[in-house]
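Heads up, the thing below is written out as structure tokens.
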Number of protein chains: 2
Amino acid sequence: MREDSTKNRIIEAAGPIFAEVGYENGTVRDICSAANVNVASIKYYFGDKKNLYLETVLYARQSRAERYPFPGWSEETPAEERLYDFVSSLLRRLTALQGAPWQVNLLMRELMKPNEACRLIVQEYFQPMFRGLLVLIDQLVEGPLKEEDRLKIGFSIIGQCLHYRYGTAVMDLMVPADMRDSFEIEQLADHITKFTMRGLASFSQQEVPTQNESE
Amino acid sequence: MREDSTKNRIIEAAGPIFAEVGYENGTVRDICSAANVNVASIKYYFGDKKNLYLETVLYARQSRAERYPFPGWSEETPAEERLYDFVSSLLRRLTALQGAPWQVNLLMRELMKPNEACRLIVQEYFQPMFRGLLVLIDQLVEGPLKEEDRLKIGFSIIGQCLHYRYGTAVMDLMVPADMRDSFEIEQLADHITKFTMRGLASFSQQEVPTQNESE
DNA sequence: AATTCTATTAAACGAACGTTTGAATGGTAG
DNA sequence: CTACCATTCAAACGTTCGTTTAATAGAATT
């Protein structure tokens, strides 16, 4: 799979192009030109452009999952440290503020299309991460959580992280150039961790509702 | 401007189309068909398609700023209530979880393009909101804040909100259907407000660095 | 050696797109 | 009535796109 076959060369050429300009703006001629293959190779190896795109997204997902695995903690790792590791890993995956590899850009592009078939693929990419986060949240909060609160807390955490990818326009506008040093991944992870640890405190002594008093 | 002129009819037809399928997938023929005008009208009124798109984005920005203005508070409004109002207004602007008017979708689409000229327009749309949020943060935190922390806190807040728009794929996947009732705007705003109020506590008794010990 | 399969190529096809043309329409002013 | 102007229209233009064809060369197989 890591070989220099023609099929792989096409995918590796298509990836950055699709990631940068999107599916409809990435022409097969550009891709084939970048891969040094004939345009007919698309039909020969992938059937059509749509399927080339699909295989490219699959390839991106797989290559991405192999890098930056979420850390495996030892038993006595403090919960706050785990949260920091999680946040910084996620930020690193998104490589906030700087050029991300095309795999990330492509997956992010897919994540925001509401009605595509590729969505399931992206969900496979995010769901395990999110489930891991939910487990982590349980460890951070003393006492049981309402399921909806677990989810909302999870969304609060990954929302803070993802914003450094989605909101680049806002970021670039609001953060002066001489302050970029304070927005490196370590410092962002530090902020989000502290902010979140405090935010979680609201739920630590929360009453868990009995089964009778449902809203 | 609110008249039923041909030009306006074209923009109002182009808006939902561009918002749903994007610039390159929205054809002038579809737009003109929806507006019941001839295709040549595009050139006649807008010059070309690119300019039609630009005017449509401008129109969306203007119509959107008029609705859902951020609330003006009285002097004695508690800071936490102001935060709740801000968050719920923002969420309402984004109309999380349900179909948003095309103006929002179009502006969101623009917000994520990193290299477009339209970006300045979107920044005009978001910058005042963000500046207002920074002022609010100052009121919520006792004592002075480092500028970078003000920004990070601001990003934490709008990150939590925007995620309910960007991350619809994750949301739809993780939130079971019978739990959607707990994800209405009021409850989301409630969660984010509480979560944020706690998170802000980390900064309330913070030491403000003297001018000498810069970074 | 003859045949078959795999891979690649130049060239063209048909469709869809943004754009443009040139005429027709209808109201208004001279 | 005539001339003028803004507006609308059907039709076509030129380009680009994804796709397909038919031919070719080499390797593998019989």
Side-chain angles (χ1 to χ4, degrees), chain A residues 1-60 102 106 109-110 113 115-118 121, chain B residues 1-60 102 106 109-110 113 115-118 121:
Chain A
M1 183 55 106
R2 191 63 44 160
E3 58 213 311
D4 189 50
S5 68
T6 303
K7 186 170 180 179
N8 258 316
R9 218 168 59 248
I10 295 175
I11 290 184
E12 300 250 22
I17 292 178
F18 281 143
E20 188 182 348
V21 300
Y23 173 73
E24 29 270 339
N25 284 338
T27 72
V28 298
R29 281 175 173 81
D30 282 347
I31 291 168
C32 291
S33 167
N36 271 320
V37 297
N38 191 272
V39 284
S41 306
I42 300 299
K43 176 179 181 181
Y44 185 76
Y45 284 105
F46 301 95
D48 58 2
K49 181 190 178 185
K50 194 97 186 168
N51 200 259
L52 163 63
Y53 182 72
L54 196 76
E55 289 208 33
T56 307
V57 173
L58 281 166
Y59 178 87
W102 65 264
L106 189 59
R109 210 176 257 278
E110 275 308 301
K113 296 188 192 175
N115 290 321
E116 293 294 320
C118 293
I121 297 162
Chain B
M1 182 57 103
R2 192 61 45 157
E3 57 213 311
D4 188 52
S5 69
T6 303
K7 186 169 180 177
N8 258 314
R9 218 167 59 249
I10 294 176
I11 290 185
E12 300 248 23
I17 291 178
F18 281 143
E20 188 181 348
V21 300
Y23 172 74
E24 30 270 340
N25 284 338
T27 73
V28 298
R29 282 176 172 82
D30 282 347
I31 291 169
C32 291
S33 167
N36 271 321
V37 298
N38 192 273
V39 284
S41 306
I42 300 299
K43 175 178 182 179
Y44 186 77
Y45 285 105
F46 301 95
D48 58 3
K49 182 190 178 184
K50 194 96 186 168
N51 200 259
L52 162 64
Y53 182 72
L54 195 76
E55 289 208 35
T56 307
V57 173
L58 283 166
Y59 178 87
W102 66 264
L106 190 60
R109 212 176 254 279
E110 276 307 301
K113 296 188 192 175
N115 291 321
E116 292 294 319
C118 293
I121 297 162

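Note that these values count all heavy atoms, side chains included, but never hydrogens, waters or copies made by symmetry.
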- For residues I10(A) and A35(A), report the shortest heavy-atom separation together with the two atoms involved.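 So the two residues come closest at CA-CB, 4.0 Å.
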- Query: If every non-hydrogen atom of K49(A) is compared with every non-hydrogen atom of E24(A), which pair is closest and at what distance?
  - Reply: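 For K49(A) and E24(A), the tightest heavy-atom pair comes out as NZ-O, 3.9 Å.
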- With T27(B) as reference, evaluate I31(B), D30(B), N25(B) under the side-chain contact (heavy atoms from CB on, under 4.5 Å) test and give the passing residue.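 Going through I31(B), D30(B), N25(B) one by one, the side-chain contact (heavy atoms from CB on, under 4.5 Å) with T27(B) is satisfied by D30(B) alone.
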- Identify whether any heavy atom of Y45(A) sits under 4.0 Å from a base atom; if not, whether one sits that close to sugar-phosphate; answer base, sugar-phosphate or nothing.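 It contacts sugar-phosphate atoms only.
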- Message: Over all strands shown, is S41(B) touching base, sugar-phosphate only, or nothing at heavy-atom distances under 4.0 angstrom?
- Response: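 No contact at all - S41(B) keeps every heavy atom at 4.0 Å or more from the nucleic acid.
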- Query: What's the OH-C1' distance between Y44(A) and dA10(C), to the nearest Å?
  - Reply: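 My rounded result for the distance is 17 Å.
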- Query: dC17(C) P sits how many Å from Y53(B) OH, rounded?
  - Reply: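 Answer to the nearest Å: 18 Å.
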- Answer with yes or no whether the side chains of E12(A) and Y59(A) bring together a donor and an acceptor at under 3.5 Å.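 Result is yes, a qualifying pair exists.
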- Judged by atom type as modelled, is there a donor-acceptor pair below 3.5 Å linking the side chain of D48(B) to the main-chain atoms of N51(B)?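 Confirmed, D48(B) side chain pairs with N51(B) backbone.
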Polar pairs (N or O, both sides) under 3.5 Å between protein and nucleotides 16-20 of chain D?
from    : atom 1 : to     : atom 2 : distance (Å)
dG18(D) : OP1    : K49(A) : NZ     : 2.6
dG18(D) : OP2    : V28(A) : N      : 2.9
dG18(D) : N7     : R29(A) : NH1    : 2.8
dG18(D) : O6     : R29(A) : NH2    : 2.8
dT19(D) : OP2    : K49(A) : N      : 2.8

- Task: Identify whether NZ of Lys or CZ of Arg in K7(A) sits under 6.0 Å from the centre of the six-membered ring of Y44(A) and within 45° of that ring's axis.
- Result: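 Judged by the rule, K7(A) and Y44(A) form no cation-pi pair.
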